[in-house]
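Residue numbers begin at 1 in each chain, while the letters A, B, ... track the order of the sequences.
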There are 4 protein chains.
Amino acid sequence: MSDLKLKKKEHILDIAAKEFADKGYDNSNINEIATLSGIGKGSIYLYFKTKKDLYLATMEKVVEKINESSEEIETNDGPLLEKLKMVIESLFKLEEESLPYIILWSRYQFQNHPDFPDEVFPIFEKLKQPLCDIIEEGVKKKIFYTSHPTESAYLILSMVVLLLPSIQPKPFLGELNSDEKIEYILNFIKNGLTYCKDQE
Amino acid sequence: MSDLKLKKKEHILDIAAKEFADKGYDNSNINEIATLSGIGKGSIYLYFKTKKDLYLATMEKVVEKINESSEEIETNDGPLLEKLKMVIESLFKLEEESLPYIILWSRYQFQNHPDFPDEVFPIFEKLKQPLCDIIEEGVKKKIFYTSHPTESAYLILSMVVLLLPSIQPKPFLGELNSDEKIEYILNFIKNGLTYCKDQE
Amino acid sequence: MSDLKLKKKEHILDIAAKEFADKGYDNSNINEIATLSGIGKGSIYLYFKTKKDLYLATMEKVVEKINESSEEIETNDGPLLEKLKMVIESLFKLEEESLPYIILWSRYQFQNHPDFPDEVFPIFEKLKQPLCDIIEEGVKKKIFYTSHPTESAYLILSMVVLLLPSIQPKPFLGELNSDEKIEYILNFIKNGLTYCKDQE
Amino acid sequence: MSDLKLKKKEHILDIAAKEFADKGYDNSNINEIATLSGIGKGSIYLYFKTKKDLYLATMEKVVEKINESSEEIETNDGPLLEKLKMVIESLFKLEEESLPYIILWSRYQFQNHPDFPDEVFPIFEKLKQPLCDIIEEGVKKKIFYTSHPTESAYLILSMVVLLLPSIQPKPFLGELNSDEKIEYILNFIKNGLTYCKDQE
DNA sequence: AATGAATGAGGTTTCATTCAT
DNA sequence: GATGAATGAAACCTCATTCAT
C-alpha cells in the first residue's frame, strides 16, 4: 500500500474511532464516517472490507496506541513508585492526544459484552500490562503487599481509567485537575498496597 | 392499571432487562422480547409507548432494585466497616437475584456514553449511594482518611462492580470465590482509606 | 400457515416467476416484485427469507407445475404415440396457463449455468420425465428404434420446448400455429425414431 | 486503431467472453476482466465505451466465429449428407477452440430473453445458417423430406448444441464421446428427414 | 497512453411501529 | 384487549464509470 493510501487509511481510522467512541458500533454510520473523512461512501470500502473490519482495525489501533505509550515505562529503571506514576501519567497524556482510542479502550475494559468478542479478545491479548509487572516486582521486593497482584493491577488500572476526565460523564465526581487526580490515585494505591498494620 | 397488567408489565421488564443486558439496546429485538414474554409483538405497545420507553423503564428498575438493596444498610447502626461489608455483600447478593439489572447498571457506570444519556442521567440521580455516606461519616469520625470522600466512594463502588463474577468476561482475572473477593476488596479499602503513615 | 397467507404466498410466487422469467434473477428487483404483488417491500420477507429463497421457491413451483401436467399421461394406457402426443400437448397447454413457469423451466434446461446450481439441481431431480418412460417402453416393444433412449427423450423434449410459441423470440422461425407445430414435431419424432431402412 | 491495439482488444474480448460465459452478464465484473486481461480497470474503457458495449462486442465475435467456421462448408460441393456432417463437426471443433463463444451462442439460442435483445437480435441476423441452405437444397433435390425446412434446420441446430459436451451440465445425459454423438445426431436427422413411409 | 482511486446510484435486508381484525 | 401482518425508513455494500495523474 502506498504511503498516501496508508495516510488516508489512518485518517479514516481516526474518524471512525471517534464515531465508534461517541456512538458505539451500531449507531455509527458508514456513510457519516465517510463524509466526515471527506470521502465518498464507497471509498471506505477501498480501505476496509466491511464495517466490522473497520471496527476491528480501530481496536487494533487502540492496542497499538496504548502499547506505544507504555514502551517508555518498561525500559525505565527508576524506583517502582516512580514507574507507577509514569503509567498513570502516560494514560492521562494519551487521553489528551488520542481521546477516542482511550474511550474505546475503556469501553472494552468495562463493557462486559464487547462487540465481536471472538475477534476482539485476541486483539487485546497483545495489550501490554506494565502495571502487572510493576506490582509483581514490588511484591517480590516487599515494597508492595497484596495477596492478589493481578487483581490489584486490574483494579488500579480501572481507577485510573475511571478518573480520566473524558471517561466520567457522571455529574457525580468532583472537579479535580489532572495532577490532583494522579496524586490522589497514587496515594490510594500506596496505602492500599504498602505494608500497614494498625487499623481502626 | 389493573394488578394483572402491572404484573405483566413487570414480567416484560424482566425479559427486556435480560435482552438489553445480553445484547445491548440496538441488538435487542422487540419481537423477541414479546415472544419470550409470552405475548404478541403488538402487545408490548400496550405497556410501553416505544422501544426506547421500554429501555428507560428497565433503567428505572435498575435504580429501584439497587436502592432497595441498600435500604437495609442505611437503617443499620453497626460499626462502619460492618456497614461497608454489607454494601458489598448486598451487591453480590443482588447479582445472584437480578443479574440483568446489575449488568445494566455496570454498563451505565462504566460506559461513558450510555444510550439516551439525556433521559438516563436524571434516572440515575435517584440512585442512593450509601457508600458516600459511610465514607463521609468515617472521615468525620476519623476512622477513614481520604482527602476526597466522594471520589473514593466512587472508586470503591467500581471495584466491587468490577469484581462481580458476571461482570468480568476477561480471562485476565484469577479465580476467587465471592467471599474471597469481598475479603480482598475490604482489605484493599481498609488500607487505602485508613490512617497509615510509614511507607517505602 | 393460514389459508390466506398461503394464497398470498402463491400470488407473490406468480408475480416473481413472471419477473424472473422476464428479466432473470439478477435483473429482477425485490422492490418491484413487491409493488407488482400489491404489497410493501418489507412484506416479501414475511413469506420468503431472502431473494434467493423466493427464486428457489419459484423453481420448486416450476417442477410442481410440470409434474402435475404429466400426471394424466402416466396413468393413461393408450398407444405410445398417443401418449407422446399427450406429452407435447400438455406442455403447449401448460404454456398457455403458466407461461412464466415454463419459461423458467426452459431457461433451466438450456442455460448451462443456472443461478444457484447447488440448490437448483436437487429441485429438478424431482422432475418427472414421462418422455423417457414412453420412449424406453417403445424401444422395448420395438415400436421405436434408438440406440440412446435417454438422449432421444432429452432431444425431443428440447424440440418441444424450443417450439413453444413464447420460447422463440427469434425472428428466424416461421409462423405455425400450435396444432401445426405439434403435428410437425410428432412427424419428426416418428421418423427419427421408428424403423426405417431405405435412405438416400 | 493500431495493430497492437487491435490485438489487445481481441485479447480483452476473449477474456470477457470467458467471463460472460461463466457467470453471465450481471455477475461478470469489469475489474476482474481487466485484471485477467493484464491491464488496468480504466483501460478497458479505452477499448469499449461501456460494459454493455463490451458485451455486445463479444456477441459480434460469437457470430463472426461461427460464420467463419461455416465458410468452408458453403464452398464445398460434396453430397448433402457429407455437408451436414461437416456442419456438425465444425461446431464440435469450434467448441474445442472457442468454448466461451459457443457457450454464449447457445445461451442466446435457448434463453428466450437474452440481455439487451434490442441490440443483440440485429447482431445475430448476420449469423449464417448453412443448415437451412443444406436442408432446403435437400428438399428440392428430394433427398430430404420436410414440410418446414427452416424449423427443421433450427431443431437440428439445437440438437447439436444441446449435445455439445460443455453445454450439458445436467447429470441426465449418458456418456458418449464426440464421435458417437455426431453419429447419433446424423442418424436421428437422416431418419427424421428422409423419406420413410411404413410406420407402426 | 494507461492507470486505479474515488464515486454514488441502486439493490437487499432489518425491524420498530401501526392498525385492522 | 390482544394480535401479528404490513410497512418503509434506514443501513450496508457492490460495482460500472470517471478523471486526475
If each of A/I44 and B/K52 is mapped to the nucleotide of DNA chain E with the nearest heavy atom, which maps nearer the 5' terminus, i.e. the 5' end? A/I44
Check step by step if side chain to side chain contact (heavy atoms under 4.5 Å, CB included) holds for D/V63 and D/W105. CA-CA 8 Å; D/V63 171; D/W105 174 52; over 6 Å; no
Between D/A34 and D/K41, what is the shortest heavy-atom contact and its length? CB-CA, 3.6 Å
Value in whole Å for how far the C1' atom of F/dA5 lies from NE2 of C/H11: 16 Å
Among the candidates E/dT12, F/dA2, F/dC12, find the nucleotide nearest to the side-chain atoms of C/Y45. E/dT12
At what distance, to the nearest 0.5 angstrom, does NZ of C/K18 lie from OG of C/S28? 10.5 Å
For C/Y47 and F/dT7, what is the distance between atoms OH and C1' respectively, to the nearest whole Å? 12 Å
Are the side chain of D/R107 and the backbone N or O of D/P114 linked by a donor-acceptor pair below 3.5 Å? no
Of the nucleotides E/dA16, F/dA16, E/dT3, which one has an atom closest to the side chain of D/S43? E/dT3
Structure string for DNA chain E in dot-bracket form, Watson-Crick and G-U at under 3.5 Å, | interchain: .||||||||||||||||||||
How many Å lie between NZ on D/K23 and P on F/dT14, as a whole number? 15 Å
Are the side chains of D/K52 and D/E119 in contact, using a 4.5 Å heavy-atom criterion? yes
cation_pi(A/K9, A/F48) dist<6.0 Å, angle<=45: yes
B/E19 CD to E/dC15 P: how many Å, rounded? 12 Å
Return the value, rounded to whole Å, for the distance between atom NZ of A/K5 and atom C1' of F/dT21. 16 Å
For DNA chain F, which residues of residues 25-41 of chain D approach it to below 4.0 angstrom with any heavy atom? D/S28, D/N29, D/I30, D/K41
Taken to the nearest whole Å, CD1/C/I12 to P/F/dA5 is 12 Å
If I take atom CG from residue A/D14 and atom OG1 from residue A/T58, how far apart are they, to the nearest 0.5 angstrom? 10.5 Å
DNA chain F nearest-nucleotide lookup for D/K49 and C/L46: closer to the 5′ end is C/L46
Any chance NZ of B/K61 has more than 12 other-residue heavy atoms, nucleotides or ligands included, within less than 6.0 Å? yes
Classify the ring geometry of C/Y25 against C/F116: parallel below 30°, tilted from 30° to 60°, perpendicular beyond 60°. perpendicular
For B/K8, answer base if it contacts any base atom (sugar-phosphate contacts may also be present), sugar-phosphate if it contacts only those atoms, and nothing otherwise; contact means non-hydrogen atoms under 4.0 Å. sugar-phosphate
